[in-house]
Amino acid sequence: MTRGDEFRKCLVGENPVAVLMLGLCPAAAVSTRVIDALWMSAGIVIVLLLSSLCMSLIARGGRREGKELRSGAPAGRWLGALAISSCMTASFEIVLLAFAPEATAGLGIYAPLIAVNCLVLSGIDASSRSDSVGGSLLTAAANGIGFAAALVVIALVREVLGAGTITLFPVAGFSGTIAIPALSSDPARAFGLAGGGLVCLGFLAGAVRAVRRRALPVPPAKDGLT
Amino acid sequence: MTHATSLSRGGVNPPDNSLTSRTAAISNAAVPSLAVIPLLQHAGSAARCVVKPGDLVGEGMLIGKADGVHSANVHSSIPGRVLEVRAWQAPDGPPCQAVVIELLGAFEKSGRRQEMRVWESLPRIDVLGRIQAAGVVGLGGEQVPTHLKLAMAPGRAVSLLVANGVSCEPSLSADYALMKEKAREIVEAMKICRALLNPARMVLALGENAEDLVAEFERTFRTCGMTSEIVLMPSRYPQGNEQILLSSLDGTGLLSPPPSSSVVLNVATLNAVYEAVVFDRPLIERVLTVTGLPVAEPRNLKVRLGVRIGDLFDECGGLTAEIAKVVAGGPMRGVTVDSLDMPVTKGTLGVVAFSRAEARARRQWPCIRCGACIEVCPWDLEPTRLYKLIEQGDTATAEREGLSRCTECGCCAFACPSHIPLVALFRGGKEAHNRGSRG
Amino acid sequence: MTWRVTLCLLPAAGWGVFLFGLPAVLVLATSVGVAVAAELLSSLAFRRCTLGDGSAFLTGLLIGLLMPPGVPLYVPSAASVFAILVVKQSFGGLGRNWMNPALGGFVFALLSWGGAMTRWAAARGAPMSPALPPLEALRSALAATGAAGGSPLAILEKAGYPFSAVDASVVAWINTHVLLPLGTALRPGVFDLLTGHLAGRIGEVSAPLLLAGAGYLLARRIVRWEVPVLYIGTFGVLAGVFGGLSSGQGWLAGGPGFHILSGSLILGAFFMAGDPVTSPMTLTGRRIYGIGLGFLTFLLRFYGSLGDGVAVAILLGNCAVPLLDRLMRRRVPASARGGIE
């Protein structure tokens, strides 16, 4: 499959949040403001990339030595994956705390949870089995961007409807918050709650799958994804 | 005479306008000039055609010979010439062939006095042979070849023989009219069956609304030297169903396995048995009810098999309103006919016409999960769930949840406030499942 | 059939309009209009116009009746849109929703605009400011005075809750001519409670008219009686026996009559809990559902802070309905009779 196809697949065909339903916890919790969604996406992408890089280098090194990361030893492989992902997440958190502490406040408990996010773990797992470092990096990037896209879309809807604002990075004279005139006085606060988030998530999943169904010429097999 | 308890659960009381048709006597319908006689009018395999186009046939002559054990003979109902043998399919049956005969020549049997044959001294096998030769099948709807029902495996005892006079469908009074006019013939047929089966107990089951026939039957039993119980069944549909009837009579519940030693015969079938054994008459005609809101004078007609359904309305004073659909059978379990050219077969209990206003009132809405269908199902099924499974194509799960136990009685469709055609859907589901399992 | 339910609600809606005037008319018109418009919009997606079954109109009407009069019109509009598009149509339309659409829209509005949804207006002829419905007034009176003792109406009277002059004269008349000779007396406030001359949601204030409409529905078996009757009965018993405990009044001091007539219990029990789509299909299931709803409403009203507890209780019940249906499914042995030979 070409690189372009791979990207498109992660964006729509197998979008982690909308189709594969991975990483729903942060998707529902951290999408109350656009800025939080952006920071979370950054975190996931960075941790994914770094962890995939580490894991595929280790796997390649192991193969050179003749020690395959056998699929018959999952415990060791998963322990290794968790260790790598935890290190990367902790590093990311430390850097974030140093340079953008308000982001840490926005992410809350979900920053350390990036380590055990299924998306990250499945990305690492795929890297340990893939042959090329470049290929696994690309897949990780694609997955991360797919996750980011879904998260930002949900956050846009939730923040606009639920708080009447759009919060972005404060830059130059711009405070970072765009207030939408009619909505910000009395927004529909239910969208800021978990239930509202799940409703948005559901509709996004439905929309993505509708697009996916139209794009696929052959009806997909009964894999529960339609 | 005793009263029996009603079916343990479910059932409905549909509107019953049989009073209009039961007051008049049975009238003979006109003999058709063209008879279309299918070779499959029974449960089992189709009869083998023994005539070819151009052949001259007499009234009551064999035109289809039973093919195998589970089959029955088919006879011509009119004298005439075979025009063609064409492909045919009942709305709810498999494809088969039908013999088309045009009326020609003289009636040899009708209108002439016939000779009564002795049967008491015959061995059982000969009596059964007469029934089989006449092509008698169950006329109450199931169309099981009667000689199979009456043949007993050696060493097996029949505990209960029931003459089923409970009307199988509301608004159909053909059985009532037949019992009124042919009580003696029916009782004689019960004697024949008793001789064949030697049951421990015999019951004549009547519906509550036929209570006026009890005295007549008691008198007839005495005259014919027969003893039998007469049981009045409550008028709740589907009390006339064989299994429900047996369950009410012998007290076993519907959830326990069926007793294998009971035999139920419809009174019309008994009349045909009498005619076959005593007069050697083959089954070429039957009594049915023509009724419905658009019918001017609903009545019971004795019709020749093969007559066109559309012609029967003329015998009943014609139609007073435009018809939206015609159902062959009863209003609950009947099958909508595709065209009025459909012929009357051995299994046609009645012809019911529905007006446009009635069809419009039954416009279909989505299921609102009210549970009325579950309440009325006599078999403890969940029609709403089965219907949704069939719609999704999952007939295997529907089968597991009891689809094959459905007798298509129509209680659920009747009770459904959204007018969902549940019986048609279940028929389709069963067919789809059988097709799938046959591969 | 759904149109008949709508017709049975119209007297109560009319009374609400009479008591609250133009704001009530606007709210009802908006909620119904937007619900119908939302259904038309989704008909485009389904390629089939489903307005004829009357369920969109009914949902809109119920949402309007659950709104306080004078609420800004975007609240019932958003509630209607949520109810029709999210709760009903996105699951497949009529018959396939598992949550009552009107209640879904109501709770969405309650969570989104809690302030607007609890800002009340006094009914015609009620000299109240700020306006408070009886239940909220009782809560604040109990919080203020502590263990006061007595029935809810007595507590309200002591707290100075203003009943109308009509109420005073009617109660006085009944007492002098009928009840005092018998040795009992009606409390002032009973008449107001029954006729809604106080404050509340548009549909809450007309108990007798709601009951009349519900009576017709029960008589015609459009709504099965098990769910509403068991609901109100269980709630009444629990409220009467245990209701006083949470506020320190003691046993048997809950005032069941007061609690049944206040809040949207009658509206919810007959017109929303009895909805066949979101209630169990089997008889036993419906009985359990009704009793469960009564218990949940009791818990939420006396020990919770979510208003009158009816809407959330019914929503929780809706969640349990598929489970009840599955548990009550008939188990028939494989050897059972049936089938066509």
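Throughout, protein chains are lettered first and strands after them, A, B, ... in sequence-line order, and every chain is numbered starting at 1.
- C/R119 CZ: 12 or fewer foreign heavy atoms inside a 6.0 Å radius.
- Counting heavy atoms from C-beta outward, A/D186 and C/Y74 have side chains that approach closer than 4.5 Å.
- Heavy-atom contacts from other residues, nucleotides or ligands closer than 6.0 Å to CG of A/L79 number more than 12.
- In the displayed structure, C/F302 atom CZ is contacted under 6.0 Å by more than 12 heavy atoms of other residues, nucleotides or ligands.
- A distance of 7.5 Å separates OG of C/S112 from CG of A/L193, quoted to the nearest 0.5 Å.
- Between A/F191 and C/F82, a ring centre-to-centre spacing not shorter than 6.0 Å is recorded.
- For A/R189, the CZ atom counts as densely surrounded, since its 6.0 Å shell holds more than 12 non-hydrogen atoms of other residues, nucleotides or ligands.
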